[in-house]
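Take a look at the structure set out below.
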Amino acid sequence: MVVTGSDDHLWKMWALPDGDIIMTGEGHTDWLSGCYFHPSGMQLVTSSGDTTVRIWDFSKCGCILTLEGHTHAVQDCSWHSCGDFVASASTDNTSKIWDVNSERCRYTMCGHKDSVNSIEFLPFSNTVLTSSADKTLSLWDAR
């Protein structure tokens, strides 16, 4: 499978090798900046210039959760290996850890002096790595 974004704020999932469209996601109102599969492969998380993070469920063929809380574009997103948490990085100079089960922000990480451009969980741990336009990398304990 391949996931692609487009100028019309839709994403499309394509089957390989035949190229058939499996699913199209509509809901973001601005450009898409990231998309990552859930560890189970049954969901997708996307980030967008519209300041939101969305979780898509393949069995329901649509968005099941919109995470709102950033004040500027969300540059990146990532799943924790357990599948219960999502991390997001934003041009508002913060990153967030979202609890998917409670549908809320668990932590907001402040400290970068410029936009946070990428975020990633260290597999099977509570450590989060962020990179920023302030030319720094930061390691965070998400407990």
Side-chain angles (χ1 to χ4, degrees), residues 1-16 19 21-143:
M1 288 185 275
V2 175
V3 178
T4 62
S6 65
D7 292 336
D8 56 7
H9 316 300
L10 298 173
W11 59 265
K12 295 179 180 168
M13 183 178 299
W14 307 83
L16 294 177
I21 295 176
I22 298 171
M23 185 175 161
T24 299
E26 182 175 359
H28 284 295
T29 59
D30 209 338
W31 45 268
L32 299 173
S33 55
C35 59
Y36 297 91
F37 286 107
H38 184 277
S40 72
M42 296 305 299
Q43 294 179 335
L44 184 75
V45 64
T46 57
S47 53
S48 171
D50 67 9
T51 75
T52 68
V53 174
R54 290 183 179 255
I55 298 175
W56 309 84
D57 189 284
F58 301 139
S59 66
K60 294 183 170 89
C61 292
C63 179
I64 59 168
L65 181 59
T66 301
L67 301 170
E68 299 176 291
H70 284 291
T71 59
H72 292 83
V74 182
Q75 293 284 82
D76 196 24
C77 55
S78 172
W79 283 103
H80 186 276
S81 52
C82 74
D84 292 331
F85 301 98
V86 166
S88 59
S90 173
T91 59
D92 65 11
N93 303 358
T94 70
S95 48
K96 294 181 181 287
I97 305 296
W98 305 89
D99 183 327
V100 175
N101 298 314
S102 69
E103 302 181 2
R104 292 192 285 195
C105 177
R106 176 76 67 92
Y107 306 107
T108 299
M109 297 172 286
C110 302
H112 284 293
K113 307 261 187 269
D114 207 338
S115 68
V116 185
N117 299 326
S118 68
I119 191 162
E120 184 68 34
F121 283 101
L122 179 66
F124 308 104
S125 81
N126 294 312
T127 302
V128 179
L129 175 66
T130 56
S131 67
S132 172
D134 67 12
K135 301 180 183 122
T136 65
L137 297 172
S138 293
L139 285 172
W140 307 84
D141 184 343
R143 283 180 286 177

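The basis for the numbers below is simple: all heavy atoms, side chains too, and nothing from hydrogens, waters or symmetry mates.
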Which pair of non-hydrogen atoms, one from S81 and one from P39, has the smallest distance, and what is that distance? O-CG, 3.4 Å
My understanding is that only residues two or more places apart in sequence, or in another chain, count here; which of them pass side chain to side chain contact (heavy atoms under 4.5 Å, CB included) with L122? S125, T127
Where the side chain of S132 meets the backbone of S115, is there a donor-acceptor pair that is under 3.5 Å apart? yes
Could you check S78, C77, S90 and say which one makes a side-chain contact (heavy atoms from CB on, under 4.5 Å) with S47? C77
With rounding to the nearest 0.5 Å, note down the distance linking CD1 in I55 to CG in D57. 10.0 Å
If you round to the nearest 0.5 Å, how far is CG of D114 from NZ of K135? 8.5 Å
Please name all residues satisfying salt bridge (Lys or Arg N to Asp or Glu O under 4.0 Å) with R104, sequence neighbours left out, ordered by chain then number. none
Main-chain N/O of D50 paired to T29 side chain as donor or acceptor, under 3.5 Å: no
In Å, rounded to the nearest 0.5 Å, how long is the span from CG of D134 to CG of N93? 8.0 Å
Atom CG in L65, atom CG in L67: separation rounded to 0.5 Å? 4.5 Å
Taking V74's backbone N and O only, do any of them form a donor-acceptor pair with S33's side chain (distance below 3.5 Å, no angle check)? yes
Is S131 reaching over with its side chain to a backbone N or O of N117, donor-acceptor style, under 3.5 angstrom? no
Applying side chain to side chain contact (heavy atoms under 4.5 Å, CB included), can you list everything that pairs with T130, at least two apart in sequence or on another chain? S95, H112, V116, I119, V128, S138, W140
T91 versus Q75: any side-chain heavy-atom pair under 4.5 Å? yes
Roughly how far, to the nearest 0.5 Å, is NZ of K60 from CE of M42? 9.5 Å
Sorted by chain and number, sequence neighbours left out, side chain to side chain contact (heavy atoms under 4.5 Å, CB included) with T108 holds for T94, K96, C105, C110
Here the ring-ring contact (aromatic ring centres under 6.0 Å, His included) pairs for residues 63-101, sequence neighbours left out, are H38-W79, H80-F121
Which distance, rounded to the nearest 0.5 Å, do you find between the CZ of R106 and the CG of N101? 9.0 Å
Salt bridge (Lys or Arg N to Asp or Glu O under 4.0 Å) partners for D84, two or more places apart: none
